[in-house]
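Contents: one structure, followed by commentary.
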Amino acid sequence: MSEGISQADRPEAPAEAEAAEQRDLFSKFDEIIHTRETLLASGVEDPFSLVMERVLSPTRAVCNGRDTILLGTYNYMGMTFDPDVIEAGKQALDNFGSGTTGSRVLNGTYQGHRECEQALREFYAMDHAMVFSTGYQANLGIISTIAGKGDYIVLDIDSHASIWDGCALGNAEVVPFKHNDIEAMDKRLGRIPEGAGKLVVLEGVYSMLGDVAPLKEMVRVAKKHGAMVLVDEAHSMGFIGEHGRGVAEDQGVIGDVDFIIGTFSKSVGTVGGFCVSNHPKFEIMRLVCRPYVFTASLPPSVVATAATSIRKLMRGSNKRAHLWENSKRLHGGLTALGFTLGTKEPQSAIVAVIMPDLEGGAAMWEALLKEGLYVNLARPPATPAGMTLLRCSLCAEHTAEEVETILGMFERAGKAVGII
Ligand SMILES: Cc1ncc(COP(=O)(O)O)c(C=O)c1O
C-alpha cells in the first residue's frame with residue numbers, strides 16, 4: 001500500500017476562477033531536477049536517500065539489509081551510544097517530558113539547558129555560553145545579530161551555508177576572500193572604511209576537504225585591523241587541541257577569538273548548537289538574537305545527553321589520540337592506493353577523496369555501499385571549485401582493523417569502477 005495521501009483524502013480543488021497565467025516558481029529547480037534524473041537513469045542507487053534501517057553502534061548500521069561500516073557520519077568521538085549519555089537522556093525524558101514547547105526566553109529554559117551551558121563554559125573555560133536549537137541557528141543568530149546594516153563581515157569564500165545565511169539575514173556588507181588566503185584577508189580588511197564595525201568569520205576545520213585554517217596568522221591579522229573574530233569549530237570540537245577546544249586552541253589563539261560557534265551534531269553526538277564568548281555584554285544576546293528567541297528550545301533529553309557528552313569529552317585524550325591514528329592510517333592507505341585526496345597530509349578526522357565527476361563519484365559511492373561501506377557523496381554547491389567528493393569521516397570507535405578493512409573495500413571498488 002502506498003504511504004502517500006490517497007486521492008480521496010486530498011482537499012478538493014477550488015472552483016476554477018479567471019486567472020492570469022501562473023509562473024511556476026519551481027522552474028528555478030529544473031537544472032537540479034534534470035541532473036538528478038540523469039544520474040538515476042544510469043541505474044545508480046540514489047546517494048541522497050539512503051535509509052539506515054537499524055543503527056548498531058557509532059560505526060555500524062544496517063543499510064539495504066546489509067551490515068555496513070559507517071565512514072560518513074560526523075560522529076567523530078563516537079558518543080552516540082555512550083552508556084552514560086544514553087542514561088542521561090532517558091532520565092531527562094522520564095523526569096522532564098519529551099519537549100519544552102517553548103522559547104528559551106519564555107517557558108523553554110529548564111534546569112538541563114542551564115547545566116548544558118555550564119558544561120560548555122567549563123569545556124571552553126569561557127565566561128558565557130548560549131545554547132541554540134542547531135548549529136545552523138547558532139551561526140544564523142549570532143552573525144546576523146552582531147553584524148548588521150553598515151557593518152562589514154570578512155569571511156572565507158568556502159564558509160558553511162549557515163555562515164552565509166547569517167550574513168544575509170543581518171544585512172551587513174559581506175566581503176569574501178580566497179580560501180585560507182591570509183594576504184587576501186589582510187587586503188580586504190585594509191579597504192574597509194575607518195570606524196566601521198568589522199567581523200572576521202573563519203572555520204577551524206573546513207568540512208569538505210578536511211583542511212585546517214591558519215588561525216594563528218589570521219587572528220593576528222584580524223586584530224591588527226581592529227576586527228572581532230568568530231570561529232566556527234563545528235568539525236574540530238572534541239578532537240583538535242589539547243582539551244578538544246578546537247583549532248584556535250591548537251594554534252594558541254583561543255584567547256583572542258571573540259566568539260566560538262559549535263554544534264552538538266558532530267563530536268557531541270546529539271543535536272543543538274552553541275556560542276561561547278568572554279565578551280562582557282554577551283548575555284544581552286538572549287534578548288536580541290531572533291533565531292534564539294523565536295524558536296522552541298531543545299528537548300530536555302537532548303540537552304541532558306549533550307551536557308553528559310561534553311563533560312566526558314573533557315576527559316577524551318585517549319580517544320583523541322586513537323582518532324588521529326585512524327585518520328593517519330586511512331589517509332596514508334588511500335594515498336598508497338593511488339586515490340587523490342583533498343589534503344596532502346591528514347589534518348582532521350575528515351579525509352576527502354576527489355572524484356573525477358558526479359557520475360564517477362556516484363558509481364564509486366554505490367560500489368562502496370555494495371562492499372558494505374557508507375561514505376558521503378558531496379557535490380556542488382556544498383563543495384568548493386565544483387568538485388565531487390567522497391567524504392570519509394573517521395570515528396574514535398573505528399578500530400585499526402576496521403580501517404584496514406575499509407582500505408580493502410576502497411581498493412576493490414576503485415578498481416571495479418576504474419578510478420584507480
Ligand atoms: C561548519 C559548520 N557549521 C555549522 C553547521 C551546522 O550544524 P548543525 O548540524 O548543528 O545545524 C555545520 C553542519 O554541517 C557545519 O559543517
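Numbering of ligands and ligand atoms starts at 1, following listing order.
For the atom pair CZ (Phe132) and SG (Cys275), the distance works out to 6.5 Å, reported to the nearest 0.5 Å.
With distances taken over non-hydrogen atoms, the option nearest atom 10 (O) of ligand 1 out of Val268, Asp158, Asn139, Thr263 is Thr263. The residue from Met208, Lys266, His235 that puts a heavy atom closest to atom 13 (C) of ligand 1 is Lys266.
The contact set between ligand 1 and Ser265, taken as ligand atoms under 4.0 Å from a residue heavy atom, comprises 8 (P), 9 (O), 10 (O).
Distances from ligand 1 to the non-hydrogen atoms of Gly273 include no value under 4.0 Å. Remark: distances from the non-hydrogen atoms of Gly272 to ligand 1 include one below 4.0 Å.
Remark: Phe48 CZ is packed, more than 12 non-hydrogen atoms of other residues, nucleotides or ligands lying under 6.0 Å away. Counted within 6.0 Å of NZ on Lys178, heavy atoms from surrounding residues, nucleotides or ligands total 12 or fewer; the atom is thus considered open.
Side-chain atoms of Arg114 and Gln111 form no donor-acceptor pair, as typed in the model, at a separation below 3.5 Å. Between the side chains of Ser277 and His279, not a single donor N or O lies within less than 3.5 Å of an accepting N or O.
Remark: minimum distance from atom 5 (C) of ligand 1 to any protein heavy atom is reached at His160 CE1, 3.5 Å. Summary of contacts: the protein heavy atom closest to atom 8 (P) of ligand 1 is Gly135 N, 3.5 Å. Looking only at protein heavy atoms, the nearest one to atom 3 (N) of ligand 1 is Asp232 OD2, 2.6 Å. Taking atom 6 (C) of ligand 1 as the reference point, the nearest protein heavy-atom neighbour is Tyr136 N, 3.4 Å.
Aromatic ring pairs are classed by plane angle as parallel below 30°, tilted from 30° to 60° and perpendicular above 60°; the pair His235 and Tyr74 is perpendicular.
Asp84 is not listed as a side-chain neighbour of Glu87, based on a closest heavy-atom distance of 4.5 Å or more.
Between Glu203 and ligand 1, a contact under 3.5 Å exists for no N or O pair.
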